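As the structure is a prediction and not an experimental result, all values here were calculated from the model.
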Number of protein chains: 2
Amino acid sequence: MMLSRASKYAILSTLFLAEHSSETHKISVKVIAESIDVPNPFLAKLFQQLVRGKIISSTKGPNGGFYLTKKNGKRTVLDIIENIDGLTRLNECFLGLSECDGANPCPVHFIVEPFKNGILGKFRDLTIMEFSKEITSQGRKLTLKDITPEFK
Amino acid sequence: MMLSRASKYAILSTLFLAEHSSETHKISVKVIAESIDVPNPFLAKLFQQLVRGKIISSTKGPNGGFYLTKKNGKRTVLDIIENIDGLTRLNECFLGLSECDGANPCPVHFIVEPFKNGILGKFRDLTIMEFSKEITSQGRKLTLKDITPEFK
DNA sequence: ATATATTAAGACCTTTTTATCTTTTATATG
DNA sequence: CATATAAAAGATAAAAAGGTCTTAATATAT
Ligand code: FES
Ligand code: FES
């Protein structure tokens, strides 16, 4: 029931691409890594895998970089997680029991279940583009940086 | 927002003690480890720490073992987690952002928050003994073993 | 064509988590 | 008091996760 750090980075940076990139405006790992404050070479690795998984796109060379095509934007956040972590992590019992279902619930199963359904539903049913729109419309942020309060 | 395996083992085995042990009936690591299917020496280490944290009790020698005193039974599941993992893990943002609060919510914050409050509340407000009663009354199980269906 | 920018690929390193092993210490019981 | 039994302590090992570095491939602009 938890994401690896890798998945988290992948989600944030893909959402970043959704918001800031296009086929005519590609972005380099370096810029993204700095923007969302994630280790550069680690993100590069993740991006390679996301490209192989056809979740994001890339071109090499000058003015190259990473971006989302229309088609990429129709993938889901769950696709990202599946690509990086696989799906088992998300379905695991919160206390680590071998199965997680209502038939053999662990002590916290019925607290966890509604949450799991809620978050899984959202990750499964919204496209990356829709998800991204929801974020920008709500003015949420996509960085791991500390938000330094502005005193001015 | 996730527990380490160590915490999970600790929770399960403490609940096991709540259900099966008493000051007059102590249980060895070996028995517990086999019952809930957890690596024996690893659990032994965890138990040492839980004893130091006064969450469970132990005596050495013949007929020794681990058990809960009345006082132990009044601790909470959150105490177990705090003792093993610390509290930061539980409070972390689901996407790994630096702060998790309503003022600077991440894209999934408002899905995660009610769950977090629910589970944290339960872990904080019920004693281990209460928690355990709730479990036994509902016939839930405390093992990591595969539940082999009984065909008889 | 060539230089350059940028990703791709793979080997490698570090840290954290999980797990084991060995020795010491305490204690109940005969 | 001797012995057996079980936990405590500490050293070590194995595995997984996270992170880095170096070299190759490739697309673009000049
Ligand atoms: S969360 Fe434990 S069985 Fe579902
Ligand atoms: S879960 Fe991400 S900010 Fe609260």
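- Under the 4.5 Å side-chain heavy-atom criterion for ILVMFWY residues, no single connected hydrophobic cluster contains both A:Met129 and A:Val77.
- Residues of residues 48-57 of chain A that place a heavy atom closer than 4.0 Å to DNA chain C, in numerical order, are A:Gln48, A:Val51, A:Arg52.
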Checklist entry - Going through the distances and angles, do A:Ile119 and A:Leu90 end up as a side-chain contact (heavy atoms from CB on, under 4.5 Å)? => result CA-CA 10 Å; A:Ile119 204 146; A:Leu90 270 186; 5.6 Å; no
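- Using a cutoff of 4.0 Å between basic side-chain nitrogens and carboxylate oxygens, B:Lys122 and B:Glu130 are not scored as salt-bridged.
- Contact between the side-chain N/O atoms of B:Asn63 and the OP1/OP2 oxygens of C:dT29 is found at a separation under 4.0 Å.
- The distance between atom NE2 of A:His25 and atom P of D:dT28, rounded to the nearest whole Å, is 16 Å.
- Across all strands, B:Phe66 comes closer than 4.0 Å only to sugar-phosphate atoms, never to a base (heavy-atom distances).
- Phosphate contact (OP1/OP2 of D:dA8, side-chain N/O of B:Ser58, threshold under 4.0 Å): present.
- No hydrogens or angles considered: a donor-acceptor pair under 3.5 Å links the side chains of A:Thr69 and A:Asn72.
- Between the side chains of A:Lys26 and A:Thr59, at least one donor N or O lies within less than 3.5 Å of an accepting N or O.
- Here B:Gly61 lies in heavy-atom contact (under 4.0 Å) with a base.
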Item to check | Sugar-phosphate or base contact per nucleotide [nucleotides 12-24 of chain D; S, B, -; heavy atom under 4.0 Å] | outcome: -----SSBB----
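- Contact of the A:Glu134 side chain with the A:Leu126 side chain is registered, since non-hydrogen atoms from C-beta on lie closer than 4.5 Å.
- Rounded to whole Å, the distance from NZ on B:Lys30 to C1' on C:dT20 is 16 Å.
- Of the charged side-chain nitrogens involved, none lies within less than 4.0 Å of a carboxylate oxygen, so that A:Glu82 and A:Arg75 do not count as a salt-bridged pair.
- Distance, B:Asp85 CG to C:dT18 C1': 13 Å, rounded to whole Å.
- Applying the ring pair (Phe, Tyr, Trp, His ring centres under 6.0 Å) rule to pairs touching residues 30-52 of chain B yields B:Tyr9-B:Phe42, B:Phe47-B:Phe66, sequence neighbours excluded.
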